[in-house]
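Notes to accompany the following structure.
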2 protein chains.
Amino acid sequence: MSEKRNKIFKAIADPTRREIFHVLVIDSALSISQLSTQFDISRQGVTKHLKLLEEAKMVNIQAKGRERYCEASLDALQEIKNWLSFYDVFWDDKLKALGDHLDQMT
Amino acid sequence: MSEKRNKIFKAIADPTRREIFHVLVIDSALSISQLSTQFDISRQGVTKHLKLLEEAKMVNIQAKGRERYCEASLDALQEIKNWLSFYDVFWDDKLKALGDHLDQMT
DNA sequence: TTTATATGCAACAAAATGGTTGCGTATGAA
DNA sequence: TTCATACGCAACCATTTTGTTGCATATAAA
């Protein structure tokens, strides 16, 4: 479904969300409170961002006692790579066309 | 600068914008009016999307007579690839760790 | 010249976004 | 048990986003 794609593109659109993801890739796993200390916004602000990241499958959260630990899920990025890969064909075509053009100049 | 990155991530966040880009990759170059016929929103709506795409360097527009022709610029996608490439390292690490783990099982 | 087309600009409106604060609850520590 | 911590939920608010319509202008066509 394209809904999955929409969600991840929405998720990475916000710079704070990209930074949260970045932090979690580097330093997993962190509780929500621990994570929040690294940002200027409130814990609830971070929680809201986490919700979107979680819906986009970019972050997994699991409860442990009274804390909830977050970890980044790299696999979700495949959706973006898939989107990009479609355009590689056209990119290559243009490079090829440029190559042909350069060949003609010799 | 990160402003460039912000702009392209914003640009691709909207599904209509992604579709406009897609159409322009397939069928460049189209005038704004021609392009608009392919979407349910108004011409001005499309123009607004084009403005963001242009600022993100994903689309180039040049006037020809009373028309303005739009074409997609694939190069802008490199910014997204750059962002993704950082995480490839971690991805590989995890695969490697998985590999090591599987080795231990034999 | 007159008319039709392609466009930009501005004002507007509804909805989404990104953030806040306050409060209630569950869990861990003293 | 009592207190502090980690969290979710809901209400609220300002700004941005995504769309609209109306109108003015420049260019092409009749």
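For the numbers below, each heavy atom of this structure counts, side chains included, while hydrogens, waters and symmetry mates do not.
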### Task
For B:N82, look at atom CG and say whether over 12 heavy atoms of other residues, nucleotides or ligands are found less than 6.0 Å away.
yes
### Task
Look at the side chain of B:S31 and the backbone N and O of B:Q34, then say whether any donor-acceptor pair between them is shorter than 3.5 Å.
yes
### Query
Base, sugar-phosphate alone, or nothing: which one does A:K10 contact when heavy atoms must sit under 4.0 Å apart?
sugar-phosphate
### Message
When you compare the side chains of B:Y69 and B:E67, does any donor N or O come within less than 3.5 Å of an acceptor on the partner?
### Response
yes
### Message
Within this structure, what is the CG-CZ distance for the pair B:L50 and B:R43, rounded to the nearest 0.5 Å?
### Response
11.0 Å
### Query
Does the gap between the ring centers of A:F86 and B:H22 come in under 6.0 Å?
yes
### Query
So, are B:K7 and B:E55 salt-bridged, with charged N and O less than 4.0 Å apart?
no
### Parallel, tilted or perpendicular: rings of B:Y87 and B:F90 (30°, 60°)
tilted
### Summary
Assign each of B:L52 and A:S31 the nucleotide of DNA chain D bearing its closest heavy atom; nearer the 5' end lies the nucleotide of A:S31
### Summary
Separation of C:dT5 atom P from B:E67 atom CD, nearest Å, is 12 Å
Pull out every protein N or O sitting under 3.5 Å from an N or O of nucleotides 9-12 of chain D, one pair per line with the distance.
none

### Query
Hey, can you pull the residues of residues 12-25 of chain A with a non-hydrogen atom under 4.0 angstrom from DNA chain C?
A:D14, A:R17
### Query
Taking CD1 from B:I32 and C1' from C:dC9, how many angstroms apart are they, rounded to a whole number?
13 Å
### Query
So what does B:G45 hit on the nucleic acid, given a heavy-atom distance under 4.0 Å: a base, only sugar-phosphate, or nothing?
base
### Rounded distance (Å) that lies between atom P of D:dA6 and atom CD of A:Q62
18 Å
### Query
Does a nitrogen or oxygen in the side chain of A:H49 sit under 4.0 Å from OP1 or OP2 of C:dT17?
no
### Query
To the nearest Å, how far apart are A:Q34 CD and D:dC7 C1'?
13 Å
### Task
Using atom OH of A:Y69 as one end and atom P of D:dA6 as the other, report the distance to the nearest whole Å.
9 Å
### Message
Is it the case that the base of D:dT5 and the side chain of A:R66 share a donor-acceptor contact (distance under 3.5 Å, atom types as modelled)?
### Response
yes
### Summary
Whole-Å distance, B:I41 CD1 to D:dT20 P, equals 6 Å
### Message
C:dT21, OP1 or OP2 - any side-chain N/O from A:S42 closer than 4.0 Å?
### Response
no
### Message
On a heavy-atom basis, which atom in A:A13 and which in A:R18 lie closest, and how many Å separate them?
### Response
O-NH1, 3.4 Å
### Nucleotide C:dA6, atom P - distance to CG of B:L35 in whole Å
13 Å
### Message
Counting only heavy atoms from other residues, nucleotides and ligands, does the tally under 6.0 Å from NZ of A:K81 exceed 12?
### Response
yes
